[in-house]
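Chain A is the first sequence line, chain B the second, and so forth, proteins listed ahead of strands; every chain is numbered from 1.
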Amino acid sequence: MKTEMNALAQGFVRCHDCGCLTKIPAANRPRHCRLCGSPLHARQANSLQRTLALLISAFLLYIPANLYPIMTVTQLTAGEPHTIIGGIIELIKGDMLPIAILVLVASILVPLLKLLGIALLLLCVHYRWQVDAHKWTVMYRIIAFVGRWSMLDIFMISILVSLVDLGGIARVIAGPAATAFAAVVVLTMFAAKSFDPRLIWDNQR
Amino acid sequence: MVYFNERDLCYNSIYPHNNSWTMSRIELDACAECDLLLTPARPAVGDKARCPRCGYLLQRPRKQSVARTFALSLTGLILILPANLLPLVGIKVLGNTRDGTLWSGVLTLYREDMWAIAILVFLSSILVPLINIVLSVLVSGHLYFRRPNRYLPYWMRWLQHLEEWAMLEVYMLGIIVACVKLASMADLRFGFGLYAFIALLIVNALLASCLDPYLFWRRIEQLQHNHRHEN
Ligand SMILES: [Zn+2]
Ligand SMILES: [Zn+2]
């Protein structure tokens with residue numbers, strides 16, 4: 001009942017870049033938007049497969065991102081590797097609770113909720129769950145908006161390594177988890193971008 | 001496993017873009033996130049038009065959107081230089097001082113063989129913000145002076161796609177967290193670069209609220225259309 005009002009059901013394709021509508025082109029017609037030249041897709045091409053592939057890669061990298069040290073702080077001679085969680089515990093011990101919560105949200109909760117959220121969206125579309133599509137679209141929007149804030153940890157490390165490089169006194173070195181974590185952030189951002197929320201609406205009866 | 005078959009719905013292209021204007025403009029809109037077919041609303045300046053079904057923000061026209069975007073992006077272009085080159089924060093420990101700029105973090109990471117992160121930080125805090133500002137100067141400048149250009153739609157497309165990869169505000173949060181961590185072990189000094197950086201952040205935020213993609217695309221469409229008819 002809901003899908004009849006869709007542009008696609010009425011024979012129109014919306015250009016994803018400039019938003020103008022085109023009649024669904026016949027098989028031999030050019031399939032580019034007449035205004036901006038981007039390829040026309042009624043729905044994003046292979047949205048589910050692409051999102052799933054990105055999601056699985058992100059999930060696998062999420063494990064080393066949390067197990068390996070994200071940075072090593074060397075003071076005088078003693079080197080101290082920190083994992084993401086270790087860094088947060090350090091902040092709590094240093095009586096910096098608000099910042100600790102900020103880092104906890106940005107580098108643990110957000111990536112985890114993003115991975116779960118995208119997985120749920122995929123399941124919802126694949127199994128054609130009958131859901132409140134509006135709520136699920138809002139969830140998609142939150143996932144897409146919140147992703148970039150996880151880069152907080154990476155930027156913080158980039159500032160620390162350049163500042164704390166005082167020869168033998170103190171040094172901060174980025175660890176292997178930093179690369180894995182950055183990859184998780186980028187992959188989940190791409191996963192959110194390749195998911196097409198219109199697929200949720202297509203399945204509602 | 002059988003996936004929802006999207007192949008029927010997709011229009012993969014083998015054809016180059018031929019700019020044909022033979023098809024007349026369809027005076028309808030569709031929602032980007034739920035595909036609801038809509039008749040275009042004409043919201044008043046300052047108002048917002050949302051999709052009645054999913055709440056997607058369709059239009060948010062602003063007063064003098066093009067002129068303001070042009071002015072703001074020029075300001076941003078000027079601010080980007082000091083924000084990149086001048087020191088953001090410096091520390092002083094036991095007589096040693098060090099200043100950190102946007103570039104020094106990237107270079108140190110690169111030297112420590114963390115090239116993947118170095119590239120990512122370079123892209124999201126230096127290159128993409130710069131490209132975005134240049135693109136919005138180009139787009140709004142051409143619209144402001146009503147100069148048609150065949151690359152105008154391409155610039156606008158790139159501007160939209162790159163938007164989320166410019167992460168200056170996240171970088172700012174990173175600076176704050178790093179300063180809190182360092183405050184106990186060192187004296188912090190804030191450089192002029194930081195003020196330029198904060199000003200750039202504000203300009204970027206204003207830009208994002210000024211630039212209504214819907215309005216810009218319609219203006220681009222008009223401009224290209226008139227140009228074609230004159231020739
Ligand atoms: Zn288009
Ligand atoms: Zn909608």
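Considering all non-hydrogen atoms of both residues, A:Val161 and B:Gly105 come closest at CG2-O, 4.4 Å. Residue B:Cys34 comes nearest to A:Asn6 through the heavy atom pair O-OD1, 3.5 Å, listed as atom of the first residue, atom of the second, then distance. Shortest non-hydrogen contact noted between A:Phe12 and B:Leu37 is CD1-CD1, 3.9 Å. Nearest approach of B:Val121 to A:Ser158, heavy atoms of both residues: CG1-OG, 3.9 Å. Nearest heavy-atom pair across B:Met114 and A:Gly175 is CE-O, 3.1 Å. Nearest heavy atom pair, residue A:Leu152 against residue B:Gly174, reads CD1-N, 3.3 Å.
Checking side-chain atoms of B:Arg98 against main-chain N and O of A:Val164 turns up no donor-acceptor pair under 3.5 Å. Under a 3.5 Å cut-off, the side chain of A:Arg198 and the backbone N or O of B:Leu36 do not form any donor-acceptor pair. Listed for the B:Trp217 side chain is a donor-acceptor partner under 3.5 Å among the backbone atoms of A:Asp17.
Here B:Ile117 contributes atom CD1 and A:Met151 contributes atom CE; the two are 8.5 Å apart, rounded to the nearest 0.5 Å. In this structure, CZ on B:Arg157 lies 7.0 Å from SG on A:Cys15, to the nearest 0.5 angstrom. Summarising the geometry, atom OG1 belonging to B:Thr108 is positioned 11.0 Å from atom CG belonging to A:Leu160; distances are rounded to the nearest 0.5 Å. Separation of atoms CH2 (B:Trp115) and OG1 (A:Thr179) is listed at 8.5 Å; rounding is to 0.5 Å. How far CD of B:Gln160 is from SG of A:Cys18: 8.5 Å, rounded to the nearest 0.5 Å. Here the CG-SG distance, from B:Leu28 to A:Cys20, works out to 12.0 Å after rounding to the nearest 0.5 Å.
For the set A:Phe145, A:Phe181, A:Trp149, A:Phe155, the count of heavy-atom pairs under 4.5 angstrom toward chain B peaks at A:Phe155. For the set A:Lys193, A:Met189, A:Gln10, the count of heavy-atom pairs under 4.5 angstrom toward chain B peaks at A:Met189. When A:Ile173, A:Thr137, A:Val138, A:Val185 are compared by the number of non-hydrogen pairs under 4.5 Å with chain B, A:Ile173 comes out ahead. Chain A forms more heavy-atom pairs under 4.5 Å with one residue of B:Ala116, B:Ser104, B:Pro153, B:Ala32 than with any other, namely B:Ala32. No other option in B:Asp99, B:Val106, B:Leu173 has as many heavy-atom pairs under 4.5 Å with chain A as B:Leu173. Between chain B and the options A:Ile157, A:Ile200, A:Leu163, heavy-atom pairs under 4.5 Å are most frequent for A:Leu163.
Residue A:Lys135: no heavy atom, backbone or side chain, is found under 4.5 Å from chain B. Within the 4.5 angstrom heavy-atom criterion, only side-chain atoms of A:Met96, from C-beta onward, approach chain B. Contacts between A:Leu91 and chain B at a heavy-atom distance below 4.5 Å involve the side chain alone, from C-beta outward. B:Leu102 does not touch chain A: none of its heavy atoms, backbone or side chain, sits under 4.5 Å away. Residue contact with chain A, scored on non-hydrogen atoms closer than 4.5 Å, is absent for B:Asp113. For B:Cys179, no part sits under 4.5 Å from any heavy atom of chain A, backbone or side chain. Residue B:Ala166 touches chain A through its backbone alone, counting heavy-atom pairs closer than 4.5 Å. At a 4.5 Å heavy-atom cutoff, the contact between A:Val172 and chain B is made by backbone atoms alone. Only the side chain of A:Tyr140 comes within contact range of chain B, judged by heavy atoms closer than 4.5 Å. Looking at A:Val186, the atoms closer than 4.5 Å to chain B (heavy atoms on both sides) sit in the backbone and in the side chain alike.
Residues B:Gln224 and A:Arg34 form no side-chain contact, since every pair of their non-hydrogen atoms from C-beta on lies 4.5 Å or further apart. A heavy-atom distance below 4.5 Å is not found between the side chains of A:Cys36 and B:Met156.
Other residues, nucleotides and ligands place more than 12 heavy atoms under 6.0 Å from the CH2 atom of A:Trp129. Atom CH2 of B:Trp158 sits in a sparse spot, with 12 or fewer heavy atoms from other residues, nucleotides or ligands closer than 6.0 Å. For B:Arg189, the CZ atom is densely surrounded, since the number of other residues' heavy atoms within 6.0 Å is greater than 12. Atom NE2 of B:His142 is surrounded by more than 12 heavy atoms from other residues, nucleotides or ligands within 6.0 Å.
A ring-centre distance under 6.0 Å is not found for A:Trp201 and B:Tyr56.
Taking 4.0 Å as the cut-off between side-chain N and carboxylate O, A:Arg171 and B:Glu112 count as a salt-bridged pair. Electrostatic pairing of A:Glu90 and B:Lys181 does not count as a salt bridge here, judged by no charged N lying under 4.0 Å from a carboxylate O. Using a cut-off of 4.0 Å between Lys/Arg side-chain N and Asp/Glu carboxylate O, B:Glu163 and A:Arg148 are scored as not salt-bridged. Residues A:Arg43 and B:Asp35 are paired through a salt bridge, judged by an N-O separation under 4.0 Å between the basic side chain and the carboxylate.
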